[in-house]
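Notes follow once the structure below has been shown.
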Amino acid sequence: MPDKRRRFFIRTFGCQMNESDSERIAGLLNQAGAVKADRPEDADVIIVNTCAVREKSEEKLFSYLGRLAELKKSRSVRIAVVGCVAQLRSWELLEKKGTVDFVLGPDNSAELPSLVKGDTSEKFVSTSWSEKWTETSPGLIQRDSPVSGYVTVMEGCDNFCAYCIVPYTRGREKYRSLKSILAEVRDLARHGYLEVQLLGQNVNSYRDPESGKAFPDLLSEVAAVDGLGWIRFLTSHPKNFGPEIAEAMAGINKVCRHLHLPLQSGSSAVLKRMRRGYTKEEYLGIVSRLRSLMPGLSLSTDIIVGFPGETEKDFEETVEVLSEVRFTSLFSFRYSPRPSTAASRLKDSVPKVEKQRRLEEIQRLQKTIQLEDHGHLVGKTIKVLCLGRGQKTPHLFAGRNEGSQVVNFSSDEDQIGRFVEVRVTGFGPFSLSGEKTS
Ligand code: 5AD
Ligand code: SF4
């Protein structure tokens, strides 16, 4: 008998939170009797999970929708746009693009299963906020990795940085109960997961809605779960990164010695206009406190170049901070105005070519820093969590060390899901390579 079950394909844009949401959506659809397809051409429903954080993220979505419009000409397929652009553009997505059938905001994806099951040809939009956390049973989630599991602990943002759309797409901060978080972490540990990544747009402002316990308690209770190897968390805001969090981190061995701490700009004047709530000196103070507590701590960051009014001198200060801190990795972006944000009312004063020049300059600098720092690791043996296999060479494996650096190594035996000691023998700007010892 032919398999009559509906088939769905999910394409995810954006951050880890979106990847995690897609894993949850896949679980809900599975529970409703639908099965995952590997290619959009094989699906009855295509779900596009979207990101609105920069103009470019939205452009990528529209070009993808263009491709889906072509596909829709040749076969009957329903298209759902979910996530941040769905929340932001809502009805506009239906009006502008005949391609789209369903639009669901980040708080509305639980409505997908009934839409996928139904035969309605009607269009549907749902972008209402929910004040309560919607729980998904941990066993349902269809995770992409069998080694490292995402666990969302909070969602949304109350900070309203001048450039940022997140408070408008994900809403205000909402915290998940510690009890449910621990249940999910225990479920992961029971299934052999060696790493958890605690997710939230502002993860260190976490507060348990039931007991009032804060982020340091969350870290220590998660660390007490048997079987877990490493704990990571992101994203942290420097404004809320008090000494108690640094000390909690330093006091728990299972918490990886890596922190993603977005700086955004090295100029205090620009930071003020960005409404970040800290100065360059305060940021550097946090870094030196962290490093005195945890020597060898790896730090990564986000930088926006060309924020309205950013002068050459402001930019040079960013360059100086990057040279001083020597981040292990850098995510850098050209500023783009986003709807509703405070900065969108300012003149986007730095020309695109100048933004590009500044972007290239810091990327060049960062590449040099990474090459130098990777070079110092040659001959050393480092602990790596093996996450997957190389695409072309079957005996080549890939993983990350505590500092979140990518490490490729060879082995004749399957190493996925194991901690492996690797002796570093080579490097490039973005990864290390080596051999498994013993
Ligand atoms: N323009 C450019 N980059 C942005 N980011 C957020 N909003 C914007 C914007 N309007 C960057 C920040 C943030 C990262 C996720 O995206 O650096 O930390
Ligand atoms: Fe993009 Fe932010 Fe939404 Fe994540 S939360 S998908 S980064 S806009």
Side-chain angles (χ1 to χ4, degrees), residues 12-21 49-61 83-85 87-89 106 152 154-170 173 197 199-205 233-241 259-267 270-271 273-278 280 283 286 299-310 314-315 318 321-322 325 327 329-352 354-360 362-363 366 404:
T12 308
F13 294 94
C15 61
Q16 286 93 340
M17 177 83 82
N18 263 20
E19 286 172 22
S20 169
D21 288 346
N49 195 359
T50 60
C51 175
V53 78
R54 288 171 294 275
E55 218 163 59
K56 212 164 144 189
S57 332
E58 266 196 274
E59 282 164 13
K60 279 194 211 155
L61 164 70
C84 292
V85 181
Q87 189 67 39
L88 179 71
R89 302 290 177 198
T152 302
M154 60 85 64
E155 195 191 352
C157 185
D158 290 350
N159 285 326
F160 291 90
C161 298
Y163 51 80
C164 187
I165 201 168
V166 169
Y168 308 93
T169 57
R170 291 270 178 181
E173 292 183 6
Q197 301 193 54
L199 300 183
Q201 272 87 24
N202 231 333
V203 75
N204 49 343
S205 66
F233 57 89
L234 80 165
T235 296
S236 300
H237 195 304
K239 177 167 72 77
N240 307 324
F241 210 91
L259 183 68
H260 184 63
L261 196 64
L263 166 67
Q264 311 299 359
S265 166
S267 150
V270 173
L271 287 170
R273 276 184 283 119
M274 286 179 164
R275 304 187 184 167
R276 289 290 286 171
Y278 56 87
K280 164 173 108 177
Y283 185 95
I286 299 173
L299 288 159
S300 55
T301 203
D302 293 346
I303 295 287
I304 299 175
V305 295
F307 184 77
E310 184 189 68
D314 291 321
F315 172 68
T318 301
V321 177
L322 293 179
V325 177
F327 293 96
S329 59
L330 165 72
F331 301 87
S332 51
F333 313 102
R334 286 192 312 241
Y335 168 75
S336 59
R338 306 307 292 133
S340 307
T341 59
S344 69
R345 294 187 285 278
L346 305 172
K347 185 166 179 283
D348 187 8
S349 59
V350 182
K352 196 168 173 185
E354 180 56 21
K355 285 179 185 160
Q356 185 62 24
R357 186 194 67 76
R358 293 180 189 180
L359 188 73
E360 285 171 16
I362 58 171
Q363 289 179 344
Q366 184 62 25
S404 208

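All ligand and atom numbering here is 1-based and tracks the order in the structure.
Looking at ligand 1, you'll find an N or O of Gln264 within less than 3.5 Å of one of its N or O atoms. Checking only distances, Ser336 does come within under 3.5 Å of ligand 1, N or O to N or O.
Residue contact annotation: Arg334 has a non-hydrogen atom under 4.0 Å from ligand 1.
Residue Arg338 comes nearest to Ser344 through the heavy atom pair O-CB, 3.2 Å, listed as atom of the first residue, atom of the second, then distance. His237 and Asn202 get closest at one heavy-atom pair: CB-OD1, 3.3 Å. Heavy atoms only, all atoms of each residue included: Cys157 and Pro167 are closest at O-CB, 3.6 Å.
For Ile304, every heavy-atom contact with ligand 1 shorter than 4.0 Å involves the side chain, none the backbone.
Atom numbering of ligand 1 starts at 1 in the shown order; those under 4.0 Å from a heavy atom of Phe333 are 3 (N), 11 (C), 14 (C), 16 (O), 17 (O).
Around the NZ atom of Lys60, the shell of radius 6.0 Å holds no more than 12 heavy atoms that belong to other residues, nucleotides or ligands.
Ring centroid separation for the pair Phe315 and Phe307 does not come in under the 6.0 Å cut-off.
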